[in-house]
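Report on the structure given below.
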Amino acid sequence: MFQKFTIASLFGLLLIAGCAPKIRTNISQKYQPLDYNEEVWVLPKDSAGVGLAEILGTVKVGDAGMTTNCSYTVVLEKAKEEARKSGGNAVRVIEHKTPDFMSSCHRITAEVLRINQDQIATLKNVETETDSLIDHAILYIYRSGGAGALVSYNLNLGDSVICRVTNKFHQKIEIRKEGMQELWAKTESKASVPIDIKKGRTYYVRCGVGMGVVVGRPTLDLVDSRTGKVEYIGKKRK
């Protein structure tokens, strides 16, 4: 009985490990680790203030072979966790591979950074920017090319369809209903993210298609305004 329990437990641990993203770090400088609830800022790839930051090293988060929970939000959070362990309070994604025929995962390489209080204050101001003169929120929806080019799906906010997401898609949408809502899409499976709509705020939603059993599954990521602005403008230029 004990042997069966041990084998079953070992199999379970291997299965869990296989489903988790693969993480590799290359850290050359460490500080006191940050608390688990301390903010780690995400800087866009072309951020002008990176030159003032101290680069502690890099972290790669990707597919372990059987990884299933590997949306952009998940892998970015894993990178933040590694940054905290090294005393870093910011990350900058320098390489991002979206799901394709090789993997259903988002795969990123990020620099682990340490930024000063002046830089943090600037980031906080950008993060909380609102326009009190408009009576609606703005959603920027976009999807780059990649896996599942022939797969499209409806993007829903609560009970309403707000757009049809196709390959290489971008659209600006005005939302007038405030409050916490669910942004979701479904093909053979459902993907959803919670979103707290506030008038005067701008939100960026990155859409995609992950590997599925038959037709592929939707992926949705609510990204920070700095990253979203860079990706959305780049998408429009293509």
Side-chain angles (χ1 to χ4, degrees), residues 15-16 18-23 42 61-81 93 96-108 110 137-175 177-198 201-232 234-235:
L15 183 61
I16 292 172
C19 293
K22 181 179 181 180
I23 300 172
V42 181
V61 186
D63 194 346
M66 296 176 59
T67 308
T68 55
N69 189 17
C70 49
S71 68
Y72 183 76
T73 301
V74 168
V75 298
L76 188 59
E77 283 302 317
K78 293 294 183 184
K80 289 181 180 181
E81 289 176 12
V93 177
H96 175 208
K97 295 180 180 179
T98 56
D100 52 30
F101 68 94
M102 294 291 292
S103 172
S104 61
C105 291
H106 286 265
R107 293 144 289 165
I108 64 171
I138 297 175
L139 265 62
Y140 287 101
I141 314 295
Y142 60 98
R143 174 183 164 190
S144 302
L150 300 179
V151 179
S152 59
Y153 49 81
N154 290 334
L155 184 63
N156 304 267
L157 186 64
D159 297 328
S160 303
V161 177
I162 58 174
C163 64
R164 180 76 175 174
V165 178
T166 58
N167 194 41
K168 298 183 179 180
F169 171 88
H170 67 272
Q171 186 171 338
K172 174 184 175 182
I173 299 173
E174 296 179 358
I175 304 295
K177 183 180 178 181
E178 288 191 299
M180 184 63 72
Q181 301 185 59
E182 180 189 25
L183 193 65
W184 62 277
K186 184 177 181 180
T187 53
E188 62 183 30
S189 63
K190 180 180 176 180
S192 67
V193 291
I195 181 170
D196 189 9
I197 299 293
K198 295 181 180 179
R201 294 292 300 272
T202 298
Y203 305 85
Y204 291 86
V205 182
R206 182 198 294 117
C207 302
V209 174
M211 187 177 297
V213 178
V214 181
V215 298
R217 54 181 177 79
T219 61
L220 304 175
D221 292 296
L222 189 62
V223 302
D224 65 275
S225 58
R226 298 178 301 278
T227 302
K229 186 178 296 185
V230 170
E231 292 183 344
Y232 186 84
K235 169 69 191 140

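In this chain, residues are counted from 1 in sequence order.
- Applying the side-chain contact (heavy atoms from CB on, under 4.5 Å) criterion to Ser192, with sequence neighbours excluded, gives Glu182, Trp184, Lys190.
- Residues satisfying the salt bridge (charged side-chain N to carboxylate O under 4.0 Å, His left out) criterion with Glu178, sequence neighbours excluded, are absent altogether.
- Cys207 approaches Ile141 most closely through the heavy-atom pair SG-CG2, 3.7 Å.
- Applying the side-chain contact (heavy atoms from CB on, under 4.5 Å) criterion to Leu222, with sequence neighbours excluded, gives Ile195, Tyr203, Val205.
- Using a 4.5 Å heavy-atom cutoff, the side chains of Ile197 and Leu139 are in contact.
- Here the CZ-NE2 distance, from Arg206 to His106, works out to 6.5 Å after rounding to the nearest 0.5 Å.
- With values rounded to the nearest 0.5 angstrom, Thr227 atom OG1 is found 7.5 Å from Leu76 atom CG.
- The distance from the SG atom of Cys163 to the CZ atom of Phe169 is 4.0 Å, given to the nearest 0.5 Å.
- Atom-to-atom distance recorded for Arg143:CZ and Thr166:OG1 is 6.5 Å, nearest 0.5 angstrom.
- In terms of heavy atoms, Gly208 sits closest to Tyr153 at O-OH, 2.7 Å.
- Residues Leu155 and Ala185 share a closest heavy-atom pair of CD1-CB, 4.4 Å.
- Scanning both residues, Arg107 and Asp63, for their nearest heavy atoms gives CG-N, 4.0 Å.
- Between Ile162 atom CD1 and Glu174 atom CD the span is 12.5 Å, to the nearest 0.5 Å.
- Counting all heavy atoms, side chain and backbone alike, Val223 lies closest to Gly228 at CG2-CA, 3.6 Å.
- Remark: the Tyr204 side chain and the Glu231 side chain contain no N/O donor-acceptor pair separated by less than 3.5 Å.
- Scanning both residues, Pro218 and Thr187, for their nearest heavy atoms gives CD-OG1, 3.1 Å.
- Atom OH of Tyr142 is separated from atom CD of Gln171 by 15.0 Å, given to the nearest 0.5 angstrom.
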